[in-house]
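Structure, as structure tokens:
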Amino acid sequence: QVQLVESGGGLVQAGGSLRLSCAASGSISSINEMTWYRRTPGKQRELVATISSGGTAGAADSVKGRFTISRDNAINTVYLQMNSLKPEDTAVYYCNMIVRRTGRNYYDNYWGQGTQVTVSS
């Protein structure tokens, strides 16, 4: 089994910062893409930022210049540094990883439980 555990969400004032973490545990052989998504009530899930196994990163236009995704392959963890937060960033943030489990020759899709980020104006 593989589990993804997120942490770092909370309540912050506009202009503030938060750092989200998502750590994968279990029988992991390798991890390909690591991605952060977010969802707000009444809206579709939105891709926030993604990073490849080699470290190539991309982000949605709405967060470029404010959010930075990074990863630590040694501990199977992805981070999302969120600066200059705005009320419209309020959402539940989910991490997603494409994981190859030990002993398998294919990748599966895994999700974290979600962490609430609330930005007050």
Side-chain angles (χ1 to χ4, degrees):
Q1 284 284 11
V2 173
Q3 288 188 320
L4 272 57
V5 178
E6 301 167 8
S7 60
L11 173 64
V12 65
Q13 288 189 330
S17 297
L18 283 174
R19 189 192 195 207
L20 305 183
S21 300
C22 175
S25 62
S27 56
I28 296 170
S29 175
S30 62
I31 303 177
N32 205 341
E33 287 87 8
M34 296 180 175
T35 304
W36 287 98
Y37 291 85
R38 65 186 180 188
R39 185 190 296 272
T40 54
K43 291 187 178 181
Q44 287 187 332
R45 185 178 62 198
E46 176 188 17
L47 188 150
V48 177
T50 188
I51 186 166
S52 72
S53 57
T56 300
D61 288 343
S62 59
V63 305
K64 278 181 181 176
R66 300 188 299 122
F67 292 10
T68 301
I69 189 171
S70 61
R71 64 190 285 170
D72 187 335
N73 292 327
I75 56 173
N76 295 328
T77 298
V78 62
Y79 305 97
L80 186 67
Q81 178 66 45
M82 304 185 294
N83 300 328
S84 302
L85 281 160
K86 304 175 181 179
E88 50 263 44
D89 294 318
T90 296
V92 178
Y93 285 71
Y94 298 89
C95 66
N96 172 271
M97 296 188 187
I98 310 301
V99 178
R100 187 173 71 177
R101 292 176 57 182
T102 303
R104 298 189 178 185
N105 61 358
Y106 57 88
Y107 286 84
D108 284 315
N109 204 11
Y110 291 90
W111 291 89
Q113 80 284 1
T115 185
Q116 177 70 47
V117 171
T118 302
V119 184
S120 63
S121 57

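What you see is a predicted model; the values in this text were computed from it and never measured. This chain uses plain numbering: 1 for the first residue, then up along the sequence.
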List in chain and number order the residues that pass side-chain contact (heavy atoms from CB on, under 4.5 Å) with [X], two or more places apart in sequence or in another chain; answer none if no residue qualifies.
X	value
S25	Q3
N109	N96, I98, W111
S7	S21
T56	S52

Minimal non-hydrogen separation, [X] against [Y], with atom names:
X	Y	result
G112	E6	CA-OE2, 3.2 Å
S53	N73	O-ND2, 3.7 Å
S121	A14	CA-CB, 4.4 Å

Practice task
Look up atom OG1 in T115 and atom CD in Q113, then write down how far apart they are to the nearest 0.5 Å.
Solution key: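 Here the rounded value is 7.0 Å.
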Exercise for the section: Would you list the pairs meeting side-chain hydrogen bond (donor to acceptor under 3.5 Å, both in side chains) in which at least one residue belongs to residues 75-88, sequence neighbours left out? Expected result: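 For residues 75-88, and leaving out neighbouring residues, the side-chain hydrogen bond (donor to acceptor under 3.5 Å, both in side chains) pairs sorted by first residue read S17-N83, Q81-N83.
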Any salt bridge (charged side-chain N to carboxylate O under 4.0 Å, His left out) pairs touching [range], not counting sequence neighbours?
range	answer
residues 24-34	none
residues 73-82	none
residues 102-121	R104-D108
residues 58-77	D61-K64, R66-D89

Problem - N/O donor-acceptor pair under 3.5 Å between Q13 side chain and S120 backbone - result: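 No: the side chain of Q13 does not pair with the backbone of S120.
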Practice task
Please go through M97's hydrophobic cluster and name the other residues, only I, L, V, M, F, W, Y counting, with side-chain heavy atoms under 4.5 Å joining them.
Solution key: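 Grouped by the 4.5 Å side-chain rule, V2, L4, V12, L18, L20, I28, I31, M34, W36, V48, I51, V63, F67, I69, V78, L80, M82, L85, Y93, V99, Y110, V117, V119 form the rest of the cluster around M97.
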Handout entry: Within residues 80-121 or reaching into it, pairs that qualify as disulfide bond (SG atoms under 2.5 Å apart) - sequence neighbours excluded
Key =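 Passing the test, one end in residues 80-121: C22-C95.
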Problem - Sequence-distant partners of T118, side chain to side chain donor-acceptor pair (under 3.5 Å), two or more places apart - result: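 So T118 forms a side chain to side chain donor-acceptor pair (under 3.5 Å) with Q116.
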